[in-house]
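Written below as structure tokens is the structure these notes are about.
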Number of protein chains: 2
Amino acid sequence: MYVKQLAKLMGVTADTVRHYTRVGLLNPIRSAENGYQEYTKQDQQRLKFIISSRQLGFSLKDIQHIIGESEQGNCPCPLTRKLITKRLEETEALFQETLKLRNRMHAALEQWDTSADGANASDVCSLIESFVDPINDSANKEQRNDD
Amino acid sequence: MYVKQLAKLMGVTADTVRHYTRVGLLNPIRSAENGYQEYTKQDQQRLKFIISSRQLGFSLKDIQHIIGESEQGNCPCPLTRKLITKRLEETEALFQETLKLRNRMHAALEQWDTSADGANASDVCSLIESFVDPINDSANKEQRNDD
DNA sequence: ATTGACCTGTGTGTTGCACATAGGTTTATT
DNA sequence: AATAAACCTATGTGCAACACACAGGTCAAT
């Protein structure tokens, strides 16, 4: 089975399969005849595992470590638990940051709705330069208490 | 003013200032004496603009375009409005994806709380391989209607 | 034999910096 | 003045997870 076929079968791109191969997560056999990578059922199962792991937020390096543990005969589950805890913290942080960014962007669009282009004196773009974040604005600091 | 001083003054790292310089967003003058980059008040204002723009979700390339418009004598505000609309869509998408990922991770931790390590037959990690996403599980599809 | 469609591996680009390195400058000390 | 320590600089490279461009190989139909 060549790269494209495996990719299609598993619902990813051929480039993704090649990438996993390059970093050593998949180990196809190089055909002596045409130099193509031949993927086996094992690779297919492995790819399935990678996709599942990615969906749970593990990095490719995480997956390498987990597979490494397993291949050394150790139970990888403790490592898996430890890693997902760390990734969850990161995801939580990203979530909060993205939420705040989204709110800032909404606030900007609202402010810009009622302000004409180039109304203010500015050097580059009056919209951006005159935007004031309603959350971090010092006039609103009475609402918060974390400084 | 050298790179470190400007960076400290504006609350970013020297590497960040160097990066902005490398991509052409800042235009310091190279001292003929020691080869160092000399930043002026103009660069300082420009950096302030960049930081504000980044906080609103603009990419460095967006900022380049906005500045380019401004330097060509055009009002960059229409472009700014257009760009932030696109970025907001992306941020919204990222937000939703991050939210779903977070939920999946929480669900996994819950499932794994009550399942012992290596309890299932598996090839790499029983936890990951036996995890079933409660949202995308076919048994729960009656709750959704988007397929 | 030849055309065209499709496939392959390899190399490079993407984003926004952080880090490593080698060397220059400044300050303090002897 | 010489020297050492502390600090600074520019430049090159690394990171994550692929996507894309490129040159060429393969296969079926003509």
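Proteins get letters first, then strands, A, B, ... in listed order; numbering begins at 1 in each.
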From [atom1] of [X] over to [atom2] of [N], roughly how many Å is that when rounded to an integer?
X: A:Leu25; N: D:dA16; atom1: CG; atom2: P; value: 13 Å
X: A:His19; N: C:dT14; atom1: NE2; atom2: P; value: 17 Å
X: B:Asn34; N: C:dG23; atom1: CG; atom2: C1'; value: 13 Å
X: B:His65; N: C:dT15; atom1: NE2; atom2: P; value: 10 Å
X: A:Leu60; N: D:dC15; atom1: CG; atom2: P; value: 13 Å
X: A:Ile50; N: D:dA16; atom1: CD1; atom2: P; value: 16 Å
X: B:Tyr20; N: D:dT11; atom1: OH; atom2: C1'; value: 19 Å

Quiz item: For DNA chain C, whose closest nucleotide is more 5', that of B:Ser59 or that of B:Glu33?
Solution: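 Closer to the 5' end of DNA chain C: B:Ser59.
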
Exercise. Could you note down all residue pairs passing ring pair (Phe, Tyr, Trp, His ring centres under 6.0 Å) where residues 89-108 of chain A supplies at least one of them, sequence neighbours left out?
Key: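 Qualifying pairs: A:Phe95-B:Phe95.
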
Exercise. Check every atom of D:dA16, D:dC18, C:dC17 against the side chain of B:Arg54 and return the nucleotide holding the closest atom.
Key: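 Of the options given, the side chain of B:Arg54 lies nearest C:dC17.
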
Self-check item: Distance below 4.0 Å between A:Thr13 side-chain N/O and D:dA19 OP1 or OP2
Solution: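 Answer yes for this pair, as a side-chain N or O of A:Thr13 is under 4.0 Å from OP1 or OP2.
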
Exercise. May I ask you to evaluate whether A:Thr16 reaches the phosphate of D:dA17, defined as a side-chain N or O under 4.0 Å from OP1 or OP2?
Key: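 Answer no for this pair, as no side-chain N or O of A:Thr16 is under 4.0 Å from OP1 or OP2.
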
Exercise. Under 4.0 Å from any atom of DNA chain D, heavy atoms only: list the residues of residues 79-99 of chain B that qualify, in numerical order.
Key: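 The stretch gives none, as no residue of it lies under 4.0 Å from the strand.
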
Practice problem: Only counting residues at least two apart or in another chain, list the ones meeting ring-ring contact (aromatic ring centres under 6.0 Å, His included) with A:Tyr36. | Solution: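 So A:Tyr36 forms a ring-ring contact (aromatic ring centres under 6.0 Å, His included) with A:Tyr2.
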
Quiz prompt | Residues clustered with A:Ile29, ILVMFWY side-chain links under 4.5 angstrom | solution =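 Besides A:Ile29, the hydrophobic cluster comprises nothing; the residue is isolated.
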
Quiz prompt | Nearest non-hydrogen partners of A:Leu6 and A:Val17, listed with the distance | solution =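 Result for this residue pair: CD2-CG1, 4.1 Å.
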
Exercise. Evaluate whether atom CD of B:Gln96 has more than 12 neighbouring non-hydrogen atoms of other residues, nucleotides or ligands under 6.0 angstrom away.
Key: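 Count over threshold, so yes.
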
Quiz item: Angle, rounded to 10°, between the helical axes spanning five pairs at each terminus of the helix from C:dA1-D:dT30 to C:dT30-D:dA1?
Solution: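 For the helix from C:dA1-D:dT30 to C:dT30-D:dA1, the axes at either end differ by 40°.
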
Practice problem: Using the test side-chain hydrogen bond (donor to acceptor under 3.5 Å, both in side chains), find all partners of B:Thr91 that sit at least two apart in sequence or belong to another chain. | Solution: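 Checked B:Thr91 against side-chain hydrogen bond (donor to acceptor under 3.5 Å, both in side chains); zero matches.
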
Quiz item: What residues, two or more places apart in sequence or in another chain, satisfy side-chain hydrogen bond (donor to acceptor under 3.5 Å, both in side chains) together with A:Thr16?
Solution: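 With sequence neighbours excluded, A:Thr16 shows a side-chain hydrogen bond (donor to acceptor under 3.5 Å, both in side chains) to A:Thr13, given in chain and number order.
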
Self-check item: Listed partners of A:Glu89 passing side-chain contact (heavy atoms from CB on, under 4.5 Å), at least two apart
Solution: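 Partners of A:Glu89 by the side-chain contact (heavy atoms from CB on, under 4.5 Å) criterion, ordered by chain and then number, come out as A:Thr85.
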
Quiz item: Which pairs count as salt bridge (charged side-chain N to carboxylate O under 4.0 Å, His left out) when at least one residue sits in residues 93-115 of chain A, sequence neighbours excluded?
Solution: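 Of all non-adjacent pairs touching residues 93-115 of chain A, those that pass salt bridge (charged side-chain N to carboxylate O under 4.0 Å, His left out) are A:Arg102-B:Glu92.
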
Exercise. Please list all pairs passing the salt bridge (charged side-chain N to carboxylate O under 4.0 Å, His left out) test where one or both residues lie in residues 57-66 of chain B, with sequence neighbours left out.
Key: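 For residues 57-66 of chain B: B:Asp62-B:Arg87.
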
Quiz prompt | Counterpart residues, salt bridge (charged side-chain N to carboxylate O under 4.0 Å, His left out), relative to B:Glu33 (two or more places apart) | solution =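 Counting only residues at least two positions away or on another chain, B:Glu33 forms no salt bridge (charged side-chain N to carboxylate O under 4.0 Å, His left out).
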
Which atoms of nucleotides 8-10 of chain C (N or O only) lie under 3.5 Å from a protein N or O atom, and what are those distances?
residue: C:dT8; atom: OP1; partner: A:Val3; partner atom: N; Å: 3.3
residue: C:dT8; atom: OP1; partner: A:Lys4; partner atom: N; Å: 3.4
residue: C:dT8; atom: OP2; partner: A:Lys4; partner atom: N; Å: 3.4
residue: C:dG9; atom: OP1; partner: A:Gln37; partner atom: N; Å: 2.7
residue: C:dG9; atom: OP2; partner: A:Arg18; partner atom: NE; Å: 3.2
residue: C:dT10; atom: OP2; partner: A:Arg30; partner atom: NH2; Å: 3.4

